[in-house]
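It should be emphasised that the depicted structure is a prediction, and the values quoted were computed from it without experimental measurement. In the text below, chain A, chain B and the rest are named by the order of the sequence lines, each starting its count at 1.
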Amino acid sequence: MKGLTKHSDTEWRIEPTGAMRVPVVIFASEALIRDIDDKVIEQAINVAGLPGIVGAAYAMPDAHWGYGFPIGGVGAFDADAGGIVSGGGVGFDICCGVRTLHTGLDRAAVLAVQKELADALYYSVPVGVGSTGAIRLDHKGMDAMLEGGAAWAVGEGYGRPEDLARIEEQGRMAGADPSQVSDQAKQRQQQEMGTLGSGNHYLEVQAVTEIYDAQIAAAFGLRIDDAMVSIHCGSRGLGHQIGTEYLKRMAVAAPKHGINLPDRELACAPIKSQLGQAYLGAMRAGINCALANRQIITHLARRVFDEFFGTDLELLYDVSHNTCKLEEHVVDGRRRQLYVHRKGATRAFGPGHPDLPPDLRRVGQPVLIGGTMGTASYILVGTEQGMQLAFGSACHGAGRALSRHAATRRWHGRAVQDELASRGIVVRSPSARGLAEEAPGAYKDVSEVVLVAERAGLARRVARLEPLLCIKG
DNA sequence: ATGTTC
(Lines give C-alpha, C1' and ligand atoms only; values in the text may rest on other atoms or scores of the structure.)
Protein backbone atom coordinates (compact mmCIF):
# COMPACT_ATOMS: atom_id res chain seq x y z
CA MET A 1 0.00 0.00 0.00
CA LYS A 2 1.28 3.43 -0.94
CA GLY A 3 3.87 4.79 1.45
CA LEU A 4 2.68 2.64 4.34
CA THR A 5 5.55 1.50 6.54
CA LYS A 6 5.40 -0.89 9.44
CA HIS A 7 6.45 0.82 12.63
CA SER A 8 5.57 -2.06 14.98
CA ASP A 9 3.25 -5.07 15.07
CA THR A 10 0.36 -2.71 15.73
CA GLU A 11 1.39 0.62 14.17
CA TRP A 12 1.72 1.69 10.54
CA ARG A 13 2.82 5.09 9.32
CA ILE A 14 2.87 7.30 6.27
CA GLU A 15 5.44 10.07 6.49
CA PRO A 16 4.37 13.49 5.19
CA THR A 17 4.59 14.11 1.46
CA GLY A 18 2.85 16.66 -0.74
CA ALA A 19 0.13 18.53 1.12
CA MET A 20 0.48 16.47 4.32
CA ARG A 21 1.52 18.53 7.33
CA VAL A 22 1.88 15.56 9.72
CA PRO A 23 2.22 11.78 9.35
CA VAL A 24 -0.65 9.31 9.19
CA VAL A 25 -0.60 6.71 11.96
CA ILE A 26 -2.78 3.62 11.68
CA PHE A 27 -3.13 1.23 14.61
CA ALA A 28 -3.71 -2.22 13.13
CA SER A 29 -2.45 -5.79 13.01
CA GLU A 30 -1.16 -7.41 9.80
CA ALA A 31 -4.61 -8.92 9.28
CA LEU A 32 -6.49 -5.66 9.88
CA ILE A 33 -4.16 -3.60 7.70
CA ARG A 34 -4.50 -6.15 4.89
CA ASP A 35 -8.27 -5.72 4.88
CA ILE A 36 -8.38 -1.99 5.44
CA ASP A 37 -10.16 -0.01 2.75
CA ASP A 38 -7.75 2.08 0.62
CA LYS A 39 -10.25 4.91 1.06
CA VAL A 40 -9.47 4.99 4.80
CA ILE A 41 -5.82 5.67 3.98
CA GLU A 42 -6.75 8.31 1.42
CA GLN A 43 -9.03 10.00 3.92
CA ALA A 44 -6.40 9.92 6.68
CA ILE A 45 -3.88 11.46 4.25
CA ASN A 46 -6.40 14.23 3.50
CA VAL A 47 -6.92 14.88 7.22
CA ALA A 48 -3.13 15.07 7.68
CA GLY A 49 -3.13 18.06 5.31
CA LEU A 50 -5.69 20.16 7.18
CA PRO A 51 -4.52 23.47 8.70
CA GLY A 52 -3.30 23.44 12.30
CA ILE A 53 -3.24 19.67 12.74
CA VAL A 54 -0.97 18.49 15.57
CA GLY A 55 0.87 15.19 15.98
CA ALA A 56 -0.61 12.97 13.28
CA ALA A 57 -3.84 11.93 11.63
CA TYR A 58 -4.74 8.72 13.44
CA ALA A 59 -6.84 5.71 12.46
CA MET A 60 -7.98 3.22 15.08
CA PRO A 61 -7.99 -0.58 14.54
CA ASP A 62 -11.72 -0.50 13.62
CA ALA A 63 -11.32 2.28 11.04
CA HIS A 64 -13.48 2.23 7.95
CA TRP A 65 -14.55 4.64 5.25
CA GLY A 66 -16.62 7.61 6.40
CA TYR A 67 -17.86 11.00 5.26
CA GLY A 68 -14.66 13.02 4.70
CA PHE A 69 -12.83 11.70 7.75
CA PRO A 70 -12.51 7.96 8.37
CA ILE A 71 -14.77 6.47 11.03
CA GLY A 72 -12.29 5.43 13.67
CA GLY A 73 -10.32 8.64 13.06
CA VAL A 74 -8.69 11.08 15.47
CA GLY A 75 -7.37 14.54 14.59
CA ALA A 76 -6.26 17.29 17.00
CA PHE A 77 -6.01 20.94 15.99
CA ASP A 78 -4.42 24.03 17.52
CA ALA A 79 -6.61 27.14 17.22
CA ASP A 80 -3.55 29.41 17.52
CA ALA A 81 -1.88 27.67 14.59
CA GLY A 82 -4.83 28.23 12.24
CA GLY A 83 -6.47 24.99 13.33
CA ILE A 84 -9.86 24.01 12.00
CA VAL A 85 -13.00 22.33 13.21
CA SER A 86 -14.81 20.01 10.83
CA GLY A 87 -18.34 18.65 10.81
CA GLY A 88 -17.06 15.60 8.96
CA GLY A 89 -14.50 15.07 11.73
CA VAL A 90 -17.30 14.68 14.26
CA GLY A 91 -19.78 12.83 12.12
CA PHE A 92 -23.50 13.22 11.48
CA ASP A 93 -24.50 11.48 14.69
CA ILE A 94 -23.04 14.02 17.09
CA CYS A 95 -22.10 12.47 20.44
CA CYS A 96 -23.13 8.99 19.46
CA GLY A 97 -21.89 6.94 22.38
CA VAL A 98 -22.31 4.06 24.77
CA ARG A 99 -23.60 3.92 28.32
CA THR A 100 -23.32 0.77 30.42
CA LEU A 101 -25.23 0.08 33.63
CA HIS A 102 -25.10 -2.56 36.37
CA THR A 103 -28.36 -4.46 36.88
CA GLY A 104 -27.37 -6.10 40.17
CA LEU A 105 -28.63 -9.34 38.59
CA ASP A 106 -26.79 -12.32 37.22
CA ARG A 107 -27.15 -14.01 33.86
CA ALA A 108 -29.52 -16.70 35.20
CA ALA A 109 -32.02 -14.13 36.50
CA VAL A 110 -32.21 -12.52 33.07
CA LEU A 111 -32.39 -15.83 31.19
CA ALA A 112 -35.36 -16.89 33.34
CA VAL A 113 -37.44 -14.10 31.75
CA GLN A 114 -35.34 -13.45 28.64
CA LYS A 115 -38.11 -13.20 26.03
CA GLU A 116 -40.55 -11.34 28.26
CA LEU A 117 -37.84 -8.87 29.23
CA ALA A 118 -36.90 -8.36 25.58
CA ASP A 119 -40.55 -7.71 24.72
CA ALA A 120 -41.01 -5.28 27.60
CA LEU A 121 -37.88 -3.31 26.70
CA TYR A 122 -38.88 -3.31 23.05
CA TYR A 123 -42.28 -1.82 23.86
CA SER A 124 -40.86 0.68 26.37
CA VAL A 125 -37.98 2.10 24.34
CA PRO A 126 -39.02 3.61 20.99
CA VAL A 127 -36.77 2.27 18.29
CA GLY A 128 -36.31 2.56 14.52
CA VAL A 129 -36.09 5.26 11.87
CA GLY A 130 -38.30 8.22 12.66
CA SER A 131 -39.45 6.76 15.95
CA THR A 132 -40.97 9.21 18.41
CA GLY A 133 -41.21 9.27 22.18
CA ALA A 134 -43.70 10.38 24.78
CA ILE A 135 -41.84 13.62 25.50
CA ARG A 136 -42.74 16.82 23.64
CA LEU A 137 -40.42 19.77 24.01
CA ASP A 138 -41.62 23.31 23.48
CA HIS A 139 -39.24 26.11 22.46
CA LYS A 140 -38.09 26.83 25.98
CA GLY A 141 -37.78 23.18 26.91
CA MET A 142 -35.71 22.47 23.81
CA ASP A 143 -33.19 25.21 24.62
CA ALA A 144 -33.00 24.09 28.25
CA MET A 145 -32.29 20.53 27.08
CA LEU A 146 -29.63 21.70 24.60
CA GLU A 147 -27.90 23.67 27.36
CA GLY A 148 -28.35 21.16 30.15
CA GLY A 149 -27.86 17.68 28.65
CA ALA A 150 -28.30 14.77 31.06
CA ALA A 151 -28.33 17.26 33.96
CA TRP A 152 -31.47 18.76 32.41
CA ALA A 153 -32.98 15.28 32.06
CA VAL A 154 -32.30 14.52 35.74
CA GLY A 155 -33.99 17.82 36.65
CA GLU A 156 -37.02 16.71 34.63
CA GLY A 157 -37.23 13.51 36.67
CA TYR A 158 -35.31 11.13 34.41
CA GLY A 159 -32.79 9.49 36.70
CA ARG A 160 -30.88 10.73 39.73
CA PRO A 161 -28.21 13.38 40.38
CA GLU A 162 -25.65 10.68 41.23
CA ASP A 163 -25.89 9.40 37.64
CA LEU A 164 -24.21 12.58 36.45
CA ALA A 165 -20.83 11.84 38.05
CA ARG A 166 -20.46 8.82 35.76
CA ILE A 167 -21.15 10.68 32.52
CA GLU A 168 -18.55 12.39 30.36
CA GLU A 169 -18.62 16.13 31.16
CA GLN A 170 -20.67 15.27 34.26
CA GLY A 171 -23.66 15.02 31.98
CA ARG A 172 -23.58 18.61 30.74
CA MET A 173 -21.35 19.93 27.95
CA ALA A 174 -20.38 23.52 28.65
CA GLY A 175 -20.35 26.07 25.85
CA ALA A 176 -23.47 24.83 24.07
CA ASP A 177 -25.20 27.54 22.06
CA PRO A 178 -28.80 26.65 21.16
CA SER A 179 -29.10 29.89 19.17
CA GLN A 180 -26.72 28.35 16.60
CA VAL A 181 -28.99 25.34 16.14
CA SER A 182 -31.56 25.88 13.38
CA ASP A 183 -35.29 25.77 13.97
CA GLN A 184 -35.45 22.84 11.60
CA ALA A 185 -32.95 20.84 13.67
CA LYS A 186 -34.93 21.61 16.82
CA GLN A 187 -38.19 20.74 15.11
CA ARG A 188 -36.85 17.35 14.04
CA GLN A 189 -35.92 16.61 17.64
CA GLN A 190 -39.17 17.80 19.19
CA GLN A 191 -40.62 14.29 19.52
CA GLU A 192 -37.43 12.23 19.41
CA MET A 193 -36.15 12.52 22.97
CA GLY A 194 -35.81 9.12 24.59
CA THR A 195 -35.66 7.22 21.30
CA LEU A 196 -32.95 4.83 20.19
CA GLY A 197 -32.87 5.45 16.45
CA SER A 198 -31.68 2.95 13.88
CA GLY A 199 -28.56 1.55 12.21
CA ASN A 200 -26.01 0.24 14.70
CA HIS A 201 -27.87 1.69 17.68
CA TYR A 202 -29.14 -0.74 20.29
CA LEU A 203 -30.12 -1.48 23.85
CA GLU A 204 -28.60 -4.77 25.01
CA VAL A 205 -28.68 -6.84 28.14
CA GLN A 206 -25.29 -8.53 28.35
CA ALA A 207 -23.46 -10.94 30.63
CA VAL A 208 -19.85 -10.53 31.76
CA THR A 209 -18.09 -13.62 30.40
CA GLU A 210 -14.44 -12.85 31.01
CA ILE A 211 -12.34 -10.65 33.29
CA TYR A 212 -8.88 -9.65 32.06
CA ASP A 213 -7.83 -7.39 34.93
CA ALA A 214 -9.26 -8.38 38.31
CA GLN A 215 -8.24 -5.23 40.12
CA ILE A 216 -9.70 -2.80 37.63
CA ALA A 217 -12.80 -4.97 37.12
CA ALA A 218 -13.35 -4.75 40.88
CA ALA A 219 -13.00 -0.96 40.75
CA PHE A 220 -15.57 -0.91 37.91
CA GLY A 221 -17.83 -3.27 39.93
CA LEU A 222 -17.68 -6.06 37.30
CA ARG A 223 -17.86 -9.78 38.13
CA ILE A 224 -18.23 -12.87 35.96
CA ASP A 225 -21.89 -13.57 35.09
CA ASP A 226 -23.04 -10.07 36.04
CA ALA A 227 -25.89 -8.88 33.83
CA MET A 228 -25.31 -5.40 32.40
CA VAL A 229 -27.39 -3.04 30.25
CA SER A 230 -25.66 -1.18 27.41
CA ILE A 231 -27.26 1.62 25.43
CA HIS A 232 -25.73 2.79 22.14
CA CYS A 233 -27.30 5.84 20.53
CA GLY A 234 -26.79 9.51 19.80
CA SER A 235 -28.42 12.82 18.96
CA ARG A 236 -31.00 11.56 16.45
CA GLY A 237 -32.49 14.00 13.96
CA LEU A 238 -31.06 17.07 15.66
CA GLY A 239 -27.43 15.99 15.36
CA HIS A 240 -27.93 14.90 11.79
CA GLN A 241 -29.52 18.21 10.83
CA ILE A 242 -26.71 20.20 12.50
CA GLY A 243 -24.15 18.12 10.63
CA THR A 244 -25.91 18.53 7.29
CA GLU A 245 -26.35 22.29 7.60
CA TYR A 246 -22.86 23.13 8.88
CA LEU A 247 -21.08 20.88 6.40
CA LYS A 248 -22.80 22.82 3.63
CA ARG A 249 -21.93 26.17 5.20
CA MET A 250 -18.31 25.10 5.78
CA ALA A 251 -17.91 23.96 2.18
CA VAL A 252 -19.30 27.26 0.86
CA ALA A 253 -17.12 29.35 3.22
CA ALA A 254 -13.88 27.37 2.69
CA PRO A 255 -12.48 29.63 -0.10
CA LYS A 256 -13.20 32.72 2.01
CA HIS A 257 -11.19 31.13 4.82
CA GLY A 258 -8.34 30.34 2.42
CA ILE A 259 -8.89 26.61 2.85
CA ASN A 260 -8.30 24.43 -0.19
CA LEU A 261 -10.21 21.17 0.17
CA PRO A 262 -8.90 18.05 -1.59
CA ASP A 263 -12.34 16.54 -0.91
CA ARG A 264 -15.51 18.58 -0.48
CA GLU A 265 -16.52 16.20 2.30
CA LEU A 266 -13.62 17.51 4.40
CA ALA A 267 -15.46 20.81 4.77
CA CYS A 268 -14.15 22.71 7.78
CA ALA A 269 -13.74 26.21 9.20
CA PRO A 270 -11.00 27.84 11.27
CA ILE A 271 -11.70 27.45 14.98
CA LYS A 272 -11.13 31.18 15.25
CA SER A 273 -13.81 32.08 12.73
CA GLN A 274 -17.44 33.01 13.27
CA LEU A 275 -18.55 29.86 11.48
CA GLY A 276 -16.15 27.64 13.43
CA GLN A 277 -17.43 29.07 16.72
CA ALA A 278 -21.05 28.74 15.59
CA TYR A 279 -20.48 25.08 14.75
CA LEU A 280 -18.77 24.40 18.08
CA GLY A 281 -21.73 25.97 19.91
CA ALA A 282 -24.24 23.96 17.88
CA MET A 283 -22.20 20.75 18.12
CA ARG A 284 -21.98 21.10 21.91
CA ALA A 285 -25.77 21.52 21.98
CA GLY A 286 -25.88 18.28 19.97
CA ILE A 287 -23.67 16.64 22.62
CA ASN A 288 -26.17 17.66 25.29
CA CYS A 289 -29.01 16.28 23.21
CA ALA A 290 -27.33 12.87 23.02
CA LEU A 291 -26.46 12.88 26.73
CA ALA A 292 -30.08 13.75 27.59
CA ASN A 293 -31.33 11.10 25.19
CA ARG A 294 -29.27 8.32 26.81
CA GLN A 295 -30.39 9.56 30.22
CA ILE A 296 -34.08 9.32 29.27
CA ILE A 297 -33.64 5.88 27.69
CA THR A 298 -31.97 4.79 30.94
CA HIS A 299 -35.07 5.96 32.80
CA LEU A 300 -37.30 3.90 30.48
CA ALA A 301 -35.13 0.81 31.00
CA ARG A 302 -35.09 1.38 34.77
CA ARG A 303 -38.89 1.25 34.87
CA VAL A 304 -38.82 -2.13 33.14
CA PHE A 305 -36.16 -3.57 35.48
CA ASP A 306 -38.06 -2.26 38.47
CA GLU A 307 -41.24 -3.90 37.25
CA PHE A 308 -39.54 -7.24 36.48
CA PHE A 309 -37.07 -7.56 39.33
CA GLY A 310 -37.69 -4.71 41.74
CA THR A 311 -34.09 -3.67 41.08
CA ASP A 312 -32.39 -0.50 39.96
CA LEU A 313 -29.80 0.17 37.26
CA GLU A 314 -26.58 1.77 38.42
CA LEU A 315 -24.53 3.70 35.90
CA LEU A 316 -20.98 2.44 35.31
CA TYR A 317 -20.11 5.04 32.68
CA ASP A 318 -21.31 6.97 29.64
CA VAL A 319 -18.78 7.89 26.96
CA SER A 320 -19.10 9.22 23.44
CA HIS A 321 -17.20 8.37 20.26
CA ASN A 322 -18.33 11.26 17.98
CA THR A 323 -17.19 14.64 19.29
CA CYS A 324 -14.77 17.53 18.99
CA LYS A 325 -13.53 18.72 22.38
CA LEU A 326 -11.05 21.24 23.67
CA GLU A 327 -8.56 19.30 25.81
CA GLU A 328 -5.11 19.78 27.27
CA HIS A 329 -2.49 17.37 25.98
CA VAL A 330 1.27 17.15 26.37
CA VAL A 331 2.95 17.29 22.96
CA ASP A 332 6.74 17.02 22.85
CA GLY A 333 6.88 17.87 26.53
CA ARG A 334 4.70 20.96 26.16
CA ARG A 335 1.12 21.38 27.40
CA ARG A 336 -1.16 22.46 24.59
CA GLN A 337 -4.87 23.20 24.29
CA LEU A 338 -6.15 21.17 21.35
CA TYR A 339 -9.49 20.61 19.65
CA VAL A 340 -9.58 16.84 19.44
CA HIS A 341 -11.92 15.34 16.84
CA ARG A 342 -12.91 11.77 17.61
CA LYS A 343 -15.11 10.21 14.97
CA GLY A 344 -15.90 6.60 15.73
CA ALA A 345 -13.13 6.79 18.30
CA THR A 346 -13.79 6.54 22.03
CA ARG A 347 -12.25 8.94 24.50
CA ALA A 348 -9.91 6.85 26.67
CA PHE A 349 -8.35 8.96 29.42
CA GLY A 350 -5.68 7.38 31.56
CA PRO A 351 -5.36 7.27 35.36
CA GLY A 352 -5.16 10.59 37.16
CA HIS A 353 -6.99 12.66 34.57
CA PRO A 354 -8.88 15.49 36.32
CA ASP A 355 -11.99 14.96 34.16
CA LEU A 356 -12.57 11.44 35.53
CA PRO A 357 -15.02 10.78 38.38
CA PRO A 358 -13.19 11.02 41.74
CA ASP A 359 -13.76 7.36 42.58
CA LEU A 360 -12.32 6.21 39.24
CA ARG A 361 -9.59 8.80 38.83
CA ARG A 362 -6.90 6.55 40.28
CA VAL A 363 -7.96 3.69 37.96
CA GLY A 364 -8.59 5.30 34.60
CA GLN A 365 -11.63 5.85 32.39
CA PRO A 366 -13.97 3.00 31.46
CA VAL A 367 -13.74 2.67 27.68
CA LEU A 368 -16.98 1.15 26.37
CA ILE A 369 -16.64 -0.77 23.10
CA GLY A 370 -19.85 -2.02 21.49
CA GLY A 371 -19.69 -5.17 19.38
CA THR A 372 -22.37 -6.59 17.10
CA MET A 373 -25.64 -8.36 17.98
CA GLY A 374 -23.90 -11.72 17.81
CA THR A 375 -20.44 -11.01 19.19
CA ALA A 376 -18.91 -9.58 22.30
CA SER A 377 -18.69 -6.07 23.66
CA TYR A 378 -15.70 -5.01 25.73
CA ILE A 379 -14.95 -2.72 28.61
CA LEU A 380 -11.41 -1.36 28.51
CA VAL A 381 -9.59 1.13 30.68
CA GLY A 382 -7.67 4.20 29.52
CA THR A 383 -3.89 4.19 30.00
CA GLU A 384 -1.09 6.67 30.50
CA GLN A 385 0.49 5.42 27.27
CA GLY A 386 -2.75 6.00 25.37
CA MET A 387 -2.65 9.68 26.33
CA GLN A 388 0.63 9.94 24.41
CA LEU A 389 -0.26 7.67 21.49
CA ALA A 390 -3.45 9.25 20.15
CA PHE A 391 -4.55 11.99 22.58
CA GLY A 392 -6.31 9.50 24.87
CA SER A 393 -8.41 7.73 22.24
CA ALA A 394 -9.25 4.14 21.37
CA CYS A 395 -11.44 2.18 18.96
CA HIS A 396 -15.25 2.38 19.27
CA GLY A 397 -16.54 -0.97 18.08
CA ALA A 398 -15.97 -3.75 15.61
CA GLY A 399 -15.98 -1.46 12.58
CA ARG A 400 -17.80 -2.34 9.41
CA ALA A 401 -16.12 -4.77 7.02
CA LEU A 402 -18.96 -4.73 4.45
CA SER A 403 -21.14 -1.82 3.37
CA ARG A 404 -24.78 -1.82 4.41
CA HIS A 405 -25.77 -2.46 0.83
CA ALA A 406 -23.42 -5.44 0.47
CA ALA A 407 -24.75 -6.83 3.76
CA THR A 408 -28.38 -6.73 2.57
CA ARG A 409 -27.38 -8.74 -0.51
CA ARG A 410 -25.71 -11.41 1.57
CA TRP A 411 -28.12 -11.79 4.51
CA HIS A 412 -31.83 -11.80 5.23
CA GLY A 413 -32.87 -10.03 8.40
CA ARG A 414 -35.22 -12.67 9.76
CA ALA A 415 -32.65 -15.43 9.09
CA VAL A 416 -30.08 -13.42 11.03
CA GLN A 417 -32.58 -13.11 13.88
CA ASP A 418 -33.31 -16.88 13.81
CA GLU A 419 -29.63 -17.76 13.78
CA LEU A 420 -29.02 -15.53 16.81
CA ALA A 421 -32.05 -17.03 18.58
CA SER A 422 -30.58 -20.50 18.03
CA ARG A 423 -27.48 -19.27 19.85
CA GLY A 424 -29.61 -18.01 22.73
CA ILE A 425 -29.57 -14.31 21.79
CA VAL A 426 -33.05 -12.75 21.63
CA VAL A 427 -33.30 -9.87 19.15
CA ARG A 428 -36.23 -7.51 18.72
CA SER A 429 -36.29 -5.02 15.85
CA PRO A 430 -38.87 -3.27 13.67
CA SER A 431 -36.64 -3.59 10.61
CA ALA A 432 -35.67 -6.83 8.83
CA ARG A 433 -33.47 -4.82 6.51
CA GLY A 434 -31.79 -3.21 9.50
CA LEU A 435 -31.01 -6.65 10.89
CA ALA A 436 -29.47 -7.72 7.58
CA GLU A 437 -27.35 -4.56 7.46
CA GLU A 438 -26.22 -5.23 11.00
CA ALA A 439 -25.48 -8.95 10.53
CA PRO A 440 -22.48 -9.80 12.72
CA GLY A 441 -20.65 -11.07 9.61
CA ALA A 442 -20.70 -7.56 8.13
CA TYR A 443 -18.28 -6.41 10.81
CA LYS A 444 -14.61 -6.92 11.58
CA ASP A 445 -13.72 -9.24 14.44
CA VAL A 446 -14.25 -7.07 17.52
CA SER A 447 -12.03 -9.31 19.64
CA GLU A 448 -9.14 -8.75 17.21
CA VAL A 449 -9.87 -5.01 17.20
CA VAL A 450 -9.70 -4.62 20.99
CA LEU A 451 -6.69 -6.94 21.25
CA VAL A 452 -4.85 -4.71 18.77
CA ALA A 453 -5.98 -1.61 20.68
CA GLU A 454 -4.51 -3.17 23.82
CA ARG A 455 -1.26 -4.30 22.19
CA ALA A 456 -0.83 -0.88 20.64
CA GLY A 457 -1.17 0.61 24.14
CA LEU A 458 -4.29 2.68 23.42
CA ALA A 459 -6.31 1.08 26.25
CA ARG A 460 -6.29 -2.17 28.24
CA ARG A 461 -8.97 -4.88 28.32
CA VAL A 462 -10.89 -5.23 31.58
CA ALA A 463 -13.93 -7.36 30.74
CA ARG A 464 -15.72 -9.10 27.93
CA LEU A 465 -19.54 -9.01 27.69
CA GLU A 466 -21.80 -11.19 25.55
CA PRO A 467 -25.35 -10.29 24.51
CA LEU A 468 -28.37 -12.03 26.06
CA LEU A 469 -30.94 -9.84 24.36
CA CYS A 470 -30.78 -6.96 21.95
CA ILE A 471 -33.29 -4.23 21.06
CA LYS A 472 -32.13 -3.07 17.65
CA GLY A 473 -33.07 -0.15 15.43
C1' DA B 1 -26.05 7.98 11.28
C1' DT B 2 -30.58 10.12 8.77
C1' DG B 3 -38.34 12.32 8.31
C1' DT B 4 -32.71 5.84 4.90
C1' DT B 5 -33.01 10.71 -2.30
C1' DC B 6 -33.59 18.67 -0.59
Side-chain angles (χ1 to χ4, degrees), chain A residues 43 62-73 86-99 126-133 136-137 142 181-203 231-249 251-252 264-265 267 282-283 285-287 289-291 293-294 297 320-324 341-346 370 372-373 396-400 402-409 413 429-439 442-443 471-473:
Chain A
Q43 290 188 322
D62 54 337
H64 54 109
W65 173 83
Y67 186 95
F69 284 53
I71 297 165
S86 168
V90 172
F92 283 94
D93 191 5
I94 294 166
C95 196
C96 184
V98 180
R99 149 184 304 220
V127 56
V129 176
S131 55
T132 55
R136 301 285 181 276
L137 291 179
M142 177 65 66
V181 178
S182 72
D183 288 341
Q184 195 184 352
K186 292 174 182 175
Q187 203 179 330
R188 280 183 69 172
Q189 195 60 28
Q190 223 161 33
Q191 300 182 37
E192 289 194 341
M193 294 311 294
T195 67
L196 208 50
S198 65
N200 61 1
H201 292 168
Y202 58 76
L203 184 153
I231 297 164
H232 177 207
C233 63
S235 51
R236 306 285 285 113
L238 180 124
H240 190 267
Q241 189 65 29
I242 292 171
T244 303
E245 291 171 9
Y246 277 93
L247 275 163
K248 203 174 289 171
R249 287 172 64 181
V252 169
R264 192 180 160 86
E265 292 187 358
M283 190 260 318
I287 289 178
C289 177
L291 296 179
N293 195 32
R294 291 197 285 273
I297 291 170
S320 166
H321 45 242
N322 280 8
T323 58
C324 175
H341 295 69
R342 295 187 183 89
K343 180 190 192 181
T346 310
T372 74
M373 297 179 281
H396 84 305
R400 289 202 80 88
L402 289 177
S403 71
R404 293 188 174 277
H405 186 65
T408 56
R409 279 186 310 221
S429 172
S431 167
R433 182 174 142 196
L435 292 176
E437 289 179 354
E438 289 294 317
Y443 282 85
I471 311 304
K472 190 80 178 170

Item to complete: Rounded to the nearest angstrom, tell me the gap between atom CZ in A:R236 and atom P in B:dT2.
Response: 5 Å

Worksheet item: In whole Å, what is the span from the CG atom of A:N322 to the P atom of B:dT2?
Response: 11 Å

Discussion item. Whole angstroms only, please: what is the CG-P distance between A:N293 and B:dT2?
Written reply: 10 Å

Fill in: Residue met sooner reading DNA chain B from 5', once A:G128 and A:K248 are mapped to nucleotides
A:G128

Item to complete: State whether the number of non-hydrogen atoms from other residues, nucleotides or ligands found under 6.0 Å of A:R264 atom CZ is greater than 12.
Response: no

Worksheet item: Quick one: side-chain hydrogen bond (donor to acceptor under 3.5 Å, both in side chains) partners of A:H396, sequence neighbours excluded?
Response: A:D62

Practice prompt. Write down the distance between NE2 (A:H240) and P (B:dC6), rounded to a whole number of angstrom.
Written response: 10 Å

Worksheet item: What's the OH-C1' distance between A:Y67 and B:dT5, to the nearest Å?
Response: 14 Å

Worksheet item: Is the phosphate of B:dT2, meaning OP1 or OP2, less than 4.0 Å from a side-chain N or O of A:S198?
Response: yes

Worksheet item: Of all heavy-atom pairs between A:T323 and A:I287, which one has the smallest distance, and what is that distance?
Response: CG2-CD1, 3.9 Å

Discussion item. Rounding to an integer number of Å, can you tell me how far A:F92 CZ sits from B:dT5 C1'?
Written reply: 14 Å

Discussion item. Nearest 0.5 angstrom please: A:I242 CD1 to A:L247 CG, how far?
Written reply: 11.5 Å

Response to the item:
In whole angstroms, the gap separating P of B:dT4 from CD of A:Q241 amounts to 12 Å

Discussion item. Side-chain N or O of A:R433 versus OP1/OP2 of B:dT4: is the shortest distance under 4.0 Å?
Written reply: no

Discussion item. Please report the distance, rounded to the nearest Å, between NZ in A:K472 and P in B:dT4.
Written reply: 19 Å

